[in-house]
Amino acid sequence: MEDRTVVVYGEKEWKKDEIIETRIDLSYPVSPTDSDLSSLPSPLKEKADLEAQTTPEEEPSRKRLGFIRYTALNVYRRLFTLAFIGNIIPLIIYLVRGAEPLDLVNASAINLAVCGLCRQPIVLNLLYLIFGSVPRSAPTAIKKLACRIFHLGGVHSGTGVASLIWYIGFAGTYTYQFNPATASSISIAVLALIYSVFALLLSIIVVAHPTIRRKHHDLFELVHRFANWGILALFWVLLFLLGTQEAALGKFLLNLPAFWILILLTVATIHPWLLLRKVTVTPEPLSPHAIRLHFDHTTVKFGQGIQVAKHPLKDWHSFACFPDHFDNVKDTALENTKFSCIVSRVGDWTKDTIVTQPTKLWKRGVPTYGFGYVFRMFSRIIVVTTGSGIGPCLSFLADKNRPDMRVLWQTRSPLKTYGQRTLDLVSRMDKNPVIIDTSEKGKREEMLPQVLRLVKEFDAEAVCVISNPAVTKEVVFGLEMRGILAYGPIFDS
């Protein structure tokens, strides 16, 4: 039986440079057969050593449908499909029966409202508080369902696309009824506004495609923001122009659902920007690869993060945060800070942050709950992370009633890269965390076998995976295929 050596920091109070070497058995009696591997997505086929814990004969029938359930029909896509089909069917009925243009614009506005509110910080916090309030004594099925709240992006994107489809119906119907021979200047202006709003809606949908979003994230963010503002402004003008064609403008607007929805969307959009502030930041360089940013303008709770930017109209970046009061800080500059986040070198913005060490950053809105908050409903969990993913994991420290947990962290030179105090914080989450130093062997270890061993030994209810997209998908997929509750943030969490 083959053993592999990993590096583990095993003491609650580590001494600098103290390393404990532990041998972990990573082999299992049965390896997957070719038929098992055929059900895996191509990225996982290349990693054939998934080391299943049971023989193929013991595999439940759900595993034969695992690829469809956990990839092609994952929760995000199911929510998107429900939101989209739930709109397409009534749209067809409306068009067959001969819908009025205002009925179609009302339906488009309703979908825009749902789409926008899915990203509003106060609404997000309320939803996470509701779904995260499921007690630990609740049945597993209920907890499994409640944990899916971070897939809310499926509703966001589904209603966003549906709003465009409804709007196309509105634009087409209005255009069909438009008569150039008798059209007034107001009617012509209305038609121009209709297609201006359509162009902005279409641009948002196009840049939101996952491929474009990944490759051109800054473009996605800028188009999303400014096109959204443009749509709100043009929609206000459009509704008032439509109202001027009626006998009583006031009565027309008050009886139009789109008018009230537009008020709601305007308030929801403006609110975070009313809280725009330039706040003080205390940078703490950890290494050429990472920096810890300390803040004192507010406090954060378990599972919350903030958005920061160097310019309020350019790209914003979200970071999960954790409280500072667990640190044994001797630096007087850090004595009064309230929370912090870890930033690692993964792009131009983060690289510049590490080099320039900013002392001022812009923040907007309020701290927002995120993916990690759902794990408070479990009693025992495994936290799996790589590299700077340890930063969001440290958010668990903010919850006094946090679940019992084991931590598996794989990274390069953890002490050198993230510092002793970061390791001390990890030890507060797990007295004996498994920390794999990839610099020892020059390559990364397979995560799934270690996670499976910890799940079995710790009798964990669920697994939290925070890593890069490839590792997150691989580990979560491998665990879900074995019937283990596993969750990892997706691109639209």
Side-chain angles (χ1 to χ4, degrees), residues 76-77 79-80 83-84 87 108-125 127 150-168 193 195-238 261-262 264-276 305-319 346-350 361-366 368 370-371 469 489-493:
Y76 178 94
R77 291 190 173 100
L79 289 174
F80 177 95
F84 185 72
N87 278 278
S108 179
I110 291 172
N111 277 277
L112 279 176
V114 175
C115 176
L117 292 177
C118 283
R119 287 291 181 261
Q120 217 286 333
I122 292 180
V123 175
L124 276 176
N125 283 343
L127 289 173
F150 68 92
H151 284 278
L152 189 64
V155 178
H156 169 74
S157 57
T159 53
V161 174
S163 70
L164 175 64
I165 302 301
W166 280 104
Y167 193 84
I168 290 174
L193 283 171
Y195 282 95
S196 296
V197 171
F198 168 72
L200 293 176
L201 270 174
L202 183 61
S203 68
I204 290 177
I205 300 299
V206 169
V207 300
H209 188 277
T211 301
I212 298 177
R213 180 174 175 176
R214 280 193 296 266
K215 293 182 178 180
H216 309 284
H217 185 80
D218 291 348
L219 174 65
F220 154 78
E221 185 175 327
L222 292 175
V223 170
H224 232 63
R225 182 186 310 132
F226 291 111
N228 175 51
W229 293 353
I231 289 172
L232 285 176
L234 293 179
F235 233 116
W236 275 112
V237 178
L238 176 61
I261 292 172
L262 193 56
L264 175 63
L265 280 175
T266 303
V267 172
T269 301
I270 291 175
H271 169 260
W273 294 94
L274 293 177
L275 301 176
L276 181 68
I306 62 168
Q307 287 187 319
V308 293
K310 295 171 184 175
H311 189 287
L313 296 181
K314 294 184 178 180
D315 51 327
W316 286 78
H317 294 260
S318 300
F319 295 97
V346 292
D348 293 339
W349 193 92
T350 53
L361 286 175
W362 291 93
K363 73 90 184 177
R364 69 179 181 190
V366 296
T368 307
F371 158 77
I490 60 176
F491 78 100
D492 205 18
S493 295

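The structure displayed is predicted, hence computed values, not measured ones.
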Exercise. Do any N or O atoms from the side chain of S108 and from the backbone of W166 form a donor-acceptor pair under 3.5 angstrom?
Worked result: no
Please tabulate, for side-chain N and O atoms in residues 195-210, each donor-acceptor pair with protein atoms closer than 3.5 Å (sequence neighbours left out).
residue: Y195; atom: OH; partner: T175; partner atom: OG1; Å: 2.6
residue: S196; atom: OG; partner: A192; partner atom: O; Å: 2.9
residue: S203; atom: OG; partner: L200; partner atom: O; Å: 2.6
residue: H209; atom: ND1; partner: T211; partner atom: N; Å: 3.2

Rounded to the nearest 0.5 Å, the CG atom of L117 sits from the CG atom of L127 at a distance of 9.5 Å
- Is the closest side-chain heavy-atom distance between Y76 and S157 below 4.5 Å? yes
Do the side chain of T368 and the main chain of V366 share a donor and acceptor less than 3.5 angstrom apart? yes
Output for pair (D218 CG, R213 CZ), nearest 0.5 Å, gives 12.0 Å
Is any side-chain heavy atom of R364 closer than 4.5 Å to one of P121?
no
Here the pair of heavy atoms bringing V346 nearest to T350 is N-OG1, 2.9 Å
In short, P312 meets W362 closest at the heavy-atom pair CD-NE1, 3.4 Å
Check: I110 and I261 side chains under 4.5 Å, non-hydrogen atoms:
yes
Can you give each donor-acceptor pair under 3.5 Å made by side-chain atoms of residues 221-235, sequence neighbours left out, with the distance rounded to 0.1 Å?
residue: E221; atom: OE1; partner: W316; partner atom: N; Å: 3.4
residue: E221; atom: OE2; partner: R225; partner atom: NH2; Å: 2.8
residue: E221; atom: OE2; partner: W316; partner atom: N; Å: 2.5
residue: R225; atom: NH1; partner: L313; partner atom: O; Å: 3.0
residue: R225; atom: NH1; partner: K314; partner atom: O; Å: 3.3
residue: R225; atom: NH2; partner: K314; partner atom: O; Å: 3.0

Heavy atoms of A162 and N111 approach each other most closely as CB-OD1, 3.6 Å
Worksheet entry | Within 45° cone of W349 ring axis and under 6.0 Å: K310 NZ or CZ | yes
Applying ring pair (Phe, Tyr, Trp, His ring centres under 6.0 Å) to Y167 and not counting sequence neighbours gives F170
When every non-hydrogen atom of G153 is compared with those of R119, the smallest separation belongs to CA-NH2, 3.6 Å
Taken in chain and number order and not counting sequence neighbours, the residues that satisfy side chain to side chain donor-acceptor pair (under 3.5 Å) with W273 are none
For G365, does its backbone N or O pair with a side-chain atom of K363 as donor and acceptor, under 3.5 Å? yes
side-chain contact (heavy atoms from CB on, under 4.5 Å) filter on V114, not counting sequence neighbours, yields C118, V155, T159
Here the gap from H156 atom NE2 to L124 atom CG, rounded to the nearest 0.5 Å, amounts to 10.0 Å
Applying side chain to side chain donor-acceptor pair (under 3.5 Å) to D315 and not counting sequence neighbours gives H317
In this structure, CG of L79 is separated from CG of L152 (nearest 0.5 Å) by 8.0 Å
